[in-house]
Visitor: 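This is the structure I have questions about; it appears just below.
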Amino acid sequence: MQFGHFDNAAKEYVITRPDTPRSWSNYLGSTEFGSIITNNAGGYTFYRSAAQGRFVRIRFNAVPLDQPGRYIYLRDAESGDYWSASWQPVGKPLDSYKSECRHGTAYTVISSEYAGIKAETTYFVPLGKTLEVWRLKLTNTGAKPRKLSAFTYVEYAGNWSAFNDLTNLQYSQFIVRMGVEDGIIDHGTNVHIPEDPKNFENADQGRHTFLALVGAPVTGFDTDRTAFIGTYGSYAKPKAVEAGRCSGSLAYGDNGCGSLQTDIELAPGETREITVLMGVGRAGVEGKAAAAAFSQEGVVDSELAMLKAYWHGRIEGLTAETPDPAFNSMLAIWGPFNCQMTYAWSRAASLIYAGERDGLGYRDTVQDLLGVMHAIPQEAVKRLELMLSGQLANGGAMPVVKQFAHHPGSEKEPPEHEYRSDDGMWLFNTVPAYIKESGDTGFLNKVIPYADHGEASVLGHLRRAIDFNLTHSGKHGLPCGLSADWNDCIRLGKNGETVMVAFQLRFALATYAELCAIAGEAGEKAWAEQMLAEFDARLAETTWDGAWYLRGFGEDGTKFGSHELKEGAIFLNTQTWAVFSGHAQGERAETAMGSVEKHLSSEYGLALCAPPFVETSMKVMRAVLFNPGMKENGAVFTHTQGWAVIAETMLGHGDRAYRYYRATMPAAWNDKAEVREIEPYVYCQFTHTPPSPHAGAARVPWLSGSASWAYVAGTQYVLGIRADWNGLTIDPCIPASWPGFTATRRFRGKTVSITVKNPKCVEKGVAKLTLNGEVLSGNLVPADKLKDSNAVVVEMG
Ligand code: IFM
């Protein structure tokens with residue numbers, strides 16, 4: 001069943017049925033001023049942090065879904081009938097109410113048609129501004145004049161705090177003081193104490209937001225929720241809208257809301273435009289200034305155009321046309337946009353991440369950078385430097401880096417039991433990704449402080465990360481699992497060993513050797529190569545279980561991920577990382593990936609492990625906490641699928657790689673949206689697998705490691721367009737049935753147009769490559785041969 005379709009030309013997803021199986025959301029704004037909006041105008045808004053800057057309330061997990069939000073109620077003065085410009089919250093019957101929602105890149109347009117009135121609301125945050133615009137266009141499509149009233153509605157969160165709003169009502173409900181100045185609502189918090197704008201984390205300060213309306217006179221207002229909704233009213237039946245007029249309430253404690261009323265007459269065929277502005281600052285200062293600026297003709301349109309151009313620029317680092325329209329939609333917009341949102345918001349703000357995670361999880365953020373590196377390398381490297389300064393002098397990392405309150409050099413070392421074994425290992429993916437993208441090899445010498453004390457060059461940081469795992473190793477000479485490796489639900493402890501991180505360490509040693517060669521550190525390179533050879537031998541001896549690789553060893557030597565076990569007999573990650581790391585080659589690699597197909601694959605993708613856990617002790621295998629077939633307990637954990645795709649392409653299996661790729665590609669499920677349930681344009685954290693009764697249902701949309709690894713796998717390994725130390729490698733691994741594809745990649749300031757032809761129907765292999773008509777040997781397009789615009793033609797065979 002379909003609830004909408006992709007409009008690649010407009011770079012939008014169009015929801016044509018508003019009764020989606022779950023709320024289908026979008027992001028507006030920036031990390032200064034962020035908003036989540038759903039297809040039914042539900043959502044919330046925050047300044048800088050979804051936890052500490054939350055000023056618009058949503059009730060997470062609400063019934064009905066995603067309420068409240070940013071609503072505009074419409075009421076016919078003659079009949080007294082009323083509805084909302086978005087289908088919800090009033091929810092008129094869908095046989096008489098037409099609705100469309102277009103989610104675009106940081107804007108959303110919700111349109112409706114009911115009772116002869118067309119309404120179109122465009123929601124966005126103008127670039128560089130700390131305010132939200134809701135531009136409403138109302139059209140009378142009938143033959144007689146109409147008198148309408150429009151009422152805005154937004155509900156304020158207490159004390160700008162996600163937590164206080166839920167848990168400290170005895171305080172947060174008594175510091176709100178609403179006002180109205182020249183028709184602009186002032187939402188005040190702690191208005192009697194000084195403001196402290198430079199100290200964001202100071203909760204004890206006066207703060208204000210404003211709500212203004214331009215384009216029509218304000219004829220009424222309510223700022224007290226009870227006055228607007230009524231004691232036993234609801235968002236579907238607010239008292240003020242039923243009555244046809246606001247009562248002029250001024251909240252003094254309790255719950256503040258923002259409702260501005262305007263009365264509009266529309267001649268047949270006439271369109272009127274009004275604009276609502278909601279932003280940070282006082283009504284009388286920032287509110288008045290915003291109202292003046294946005295009353296100018298054309299300002300809303302030009303701000304929207306600038307916003308679109310900005311975001312399109314950020315997602316157009318690579319464009320491609322393949323034989324698969326679903327892949328094309330993901331490549332054109334949603335894949336890179338999802339990566340940008342993950343990079344921006346980490347795991348802090350969505351309909352699922354309700355603000356509890358404030359800050360940048362170390363391993364997550366370092367991986368998230370991979371999905372945006374090709375698009376915004378100079379911005380990404382700043383974040384990478386921040387993360388390097390979250391590494392500790394012992395080579396481990398702080399679990400979370402708080403961008404608002406990070407003090408490199410003087411952070412406290414976390415307690416020993418909080419260390420995870422994989423944190424520093426992800427730097428070996430991301431540091432090279434930056435250098436390959438930019439050509440900036442000097443980055444390796446950049447000196448960056450450690451979080452707790454001391455400093456080192458980037459290369460020095462990498463060496464420390466390796467040392468951390470070499471010094472924390474167990475009986476088999478493999479890295480200890482500590483509180484977790486990538487898998488939060490595997491606690492192998494300070495003596496148990498993780499085979500996944502062992503493969504990451506193998507990858508790290510190989511990568512470090514390459515980096516040392518670039519940096520001219522011959523001694524370090526020789527050391528890394530020697531360690532790598534020894535480590536490979538150790539891995540071959542200790543980690544092979546007969547038909548696949550083990551997952552780890554417990555502190556008492558118990559094997560995990562072994563065919564000898566009834567539960568968790570095979571794990572995905574150690575097979576894929578064995579190949580990805582370069583350790584497993586030839587027959588072992590084929591056997592391991594064959595076992596993956598045999599034991600873990602389904603139409604929904606590859607399960608993280610099988611069979612799921614039911615009876616295993618949770619001492620190590622904490623996955624048993626989840627129902628079988630969910631999350632780390634045997635679901636398709638989407639984050640990991642990219643590694644499987646990469647491994648298959650490394651083995652030259654284009655058909656299998658793409659089958660896996662498609663299984664979790666959101667757009668490929670567009671016509672089965674009732675099965676997948678969440679947004680068909682964004683990645684999710686996991687998909688239920690049997691024995692879950694909801695097999696196929698995806699959960700935790702937007703923010704996870706899935707988007708970035710899917711993007712890396714799809715663009716760098718399926719299409720095979722990879723930045724390399726000295727240029728761009730073109731090494732496609734595609735389904736044999738594809739006749740080829742075209743792509744355009746921005747690379748080091750140049751444009752490279754690529755045509756791949758596959759006349760012999762192979763899955764992998766470059767027979768011929770030409771750059772601007774010149775035949776080159778191999779599959780590398782050297783950076784120093786690039787002109788401003790380039791044509792590369794690749795013939796597979
Ligand atoms: O790797 C983790 C991630 O850091 C948070 N979400 C779950 C993943 C797997 O456990």
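Atoms within a ligand are numbered from 1 in the order they appear, just like the ligands themselves.
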Visitor: With a cut-off of under 6.0 Å to the ring centre and 45° to the axis, is R383 in cation-pi contact with Y343?
Guide: yes
Visitor: Ring centres under 6.0 Å, that's the criterion: do Y450 and H461 meet it?
Guide: yes
Visitor: What's the shortest distance from atom 2 (C) of ligand 1 to any protein heavy atom, and which residue and atom give it?
Guide: W486 O, 3.3 Å
Visitor: Would you kindly specify which portion of R347 sits under 4.0 Å from ligand 1, judged on non-hydrogen atoms: side chain, backbone, both or neither?
Guide: neither
Visitor: Please determine whether a side-chain nitrogen of the Lys or Arg among E597 and R659 lies less than 4.0 Å from a carboxylate oxygen of the Asp or Glu.
Guide: yes
Visitor: Ring centroid separation for F507 and F580, is it under 6.0 angstrom?
Guide: yes
Visitor: Please could you name the atoms of ligand 1 that N487 approaches to less than 4.0 Å, counting only its heavy atoms?
Guide: 10 (O)
Visitor: Nearest protein heavy atom to atom 3 (C) of ligand 1, by residue and atom, and its distance?
Guide: D364 OD1, 3.2 Å
Visitor: For atom 5 (C) of ligand 1, find the nearest protein heavy atom and state the residue, atom name and distance (0.1 Å precision).
Guide: D488 OD2, 3.3 Å
Visitor: For the rings on Y27 and W702, is their centre-to-centre separation under 6.0 Å?
Guide: yes
Visitor: Show me which atoms of ligand 1 lie under 4.0 Å from any heavy atom of E632.
Guide: 7 (C), 9 (C), 10 (O)
